[in-house]
Amino acid sequence: MDSNQGTYVWETLDRNVQKTAGAGSRLLETTNAFNPNEGSIAQRTYEAAIEFGAQRILYDCREAERDVDLKDEEAVRAAVIDAYGDSHWVDVDGIVEAVMDPRTSAAIAYRFYLNNIQENADGWLVKAEWDACLDEDDPIKPGDQISVGFDGSLRGDATSIVGCRLRDGKLFLIGLWENPRDPRQPDWEVDVLAVEAAVKRTFETYRVEWMFCDPPYFQEAIGRWSITYGDDRVFEYWTNKPMRMCEATERLHSAVAVGDVKHDGNPDLTRHMLNAVTREVPQGLLITKDSPRSKKKIDAAVSAILAFEGRADAIADGRLNSRRGRVVGF
């Protein structure tokens with residue numbers, strides 16, 4: 001995966017094998033079933049061989065039947081035997097016990113023991129549902145009415161700006177500043193001037209009806225934006241308020257599940273959306289990284305939640321297709 005430089009290592013190996021294949025070079029890949037949210041090399045190989053019919057790949061895989069009743073010991077045993085085929089050395093009893101262990105999630109059981117392609121159980125979005133929301137036929141245009149979500153950072157995390165068109169809920173990435181994790185750039189910081197320029201360009205290009213901004217690190221800038229573009233359009237939105245954030249998170253999740261939101265297929269936005277996993281709090285579910293030190297960023301997903309929430313508030317305020325004007329009195 002990109003997060004551990006595995007993609008770079010594989011691409012280097014693959015290039016060298018391709019150059020010397022005529023001399024007998026071959027590349028052998030062995031792996032568990034992949035998680036389609038991770039964009040792994042295993043997934044790329046699977047898609048090349050199965051979906052695109054690449055001629056020079058020999059793809060061999062055994063999977064147990066899907067939707068096995070993981071509480072039925074006989075069904076689990078049959079599935080394990082099916083998945084492991086003629087691997088006579090395998091401890092079938094031990095694997096059955098591991099699958100049925102109440103501490104083993106269904107996602108882990110299917111993926112690592114029954115060799116089924118499986119998303120993480122705690123992943124926020126289902127990739128197939130997000131992919132189904134792709135809309136390439138109706139691009140975002142200058143002058144469109146939009147809402148905007150802003151999530152800012154300076155060093156560790158990313159800073160992101162996401163727009164959402166009011167009339168159809170189409171999400172699109174406006175800006176993303178991400179720490180490259182390059183040892184040659186130990187002092188990397190977000191280019192604040194570039195962020196300011198992107199916000200200015202956004203208001204000049206689109207009819208921004210509502211902008212929700214997470215204040216940490218940018219509270220002074222958000223105050224200026226409110227003065228410049230209108231305090232009826234630029235608002236603080238503290239994402240550390242669990243009740244409000246849980247409700248907003250669930251609204252976007254539900255919209256994706258039923259196809260009431262669209263996106264333009266931007267790979268960085270998609271990556272952040274699918275990187276997000278859920279964390280349960282007393283008020284409901286929030287999104288978070290898969291671990292505190294994870295390099296898999298989710299900031300654009302946070303911005304998307306804010307943009308989608310801003311769209312709802314803008315529409316509720318009667319701004320859809322409204323003409324904004326100023327009244328000057330003497």
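Excluded from the calculations below are hydrogen atoms, water molecules and symmetry mates; all remaining heavy atoms, backbone and side chain alike, are included.
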Under the salt bridge (charged side-chain N to carboxylate O under 4.0 Å, His left out) test, residues paired with [X] that sit two or more places apart:
{"X": "E220", "result": "R224"}
{"X": "D137", "result": "none"}
{"X": "E250", "result": "none"}

Donor-acceptor pair, side chain of [X] and main chain of [Y], under 3.5 angstrom:
{"X": "N115", "Y": "A33", "result": "yes"}
{"X": "S160", "Y": "D299", "result": "yes"}
{"X": "Y110", "Y": "V68", "result": "yes"}
{"X": "R279", "Y": "T288", "result": "no"}
{"X": "K170", "Y": "D135", "result": "yes"}
{"X": "T12", "Y": "Y8", "result": "yes"}
{"X": "R311", "Y": "L166", "result": "yes"}
{"X": "D101", "Y": "E97", "result": "no"}
{"X": "R155", "Y": "V190", "result": "no"}

For [X] and [Y], work out which heavy atoms get closest and say how close.
{"X": "V256", "Y": "V261", "answer": "CG2-CG1, 3.5 Å"}
{"X": "A64", "Y": "A79", "answer": "CB-O, 3.3 Å"}
{"X": "S147", "Y": "G310", "answer": "CB-C, 3.7 Å"}

[X], [atom1]: over 12 other non-hydrogen atoms inside 6.0 angstrom:
{"X": "N240", "atom1": "CG", "result": "yes"}
{"X": "E73", "atom1": "CD", "result": "no"}
{"X": "F235", "atom1": "CZ", "result": "yes"}

Practice item. Starting at CZ of R44, measure out to CD of E29 and round the result to the nearest 0.5 Å. Key: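 It is 9.5 Å, given to the nearest 0.5 Å.
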Query raised in the report: Taking a hydrophobic cluster as the set of Ile, Leu, Val, Met, Phe, Trp and Tyr residues connected by side-chain heavy atoms closer than 4.5 Å, whether directly or through intermediates, do F308 and I315 fall within one such cluster?
Result: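 Each belongs to a different hydrophobic cluster.
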**Prompt:** Can you find a side-chain donor-acceptor pair between W225 and E196 that sits under 3.5 Å?
**Reply:**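 Checked: W225/E196 side chains pair up, N/O donor to acceptor below 3.5 Å.
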Worksheet item: Do the rings of W130 and H263 sit parallel, tilted or perpendicular, given the 30° and 60° boundaries?
Response: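 Aromatic pair W130/H263 classed parallel.
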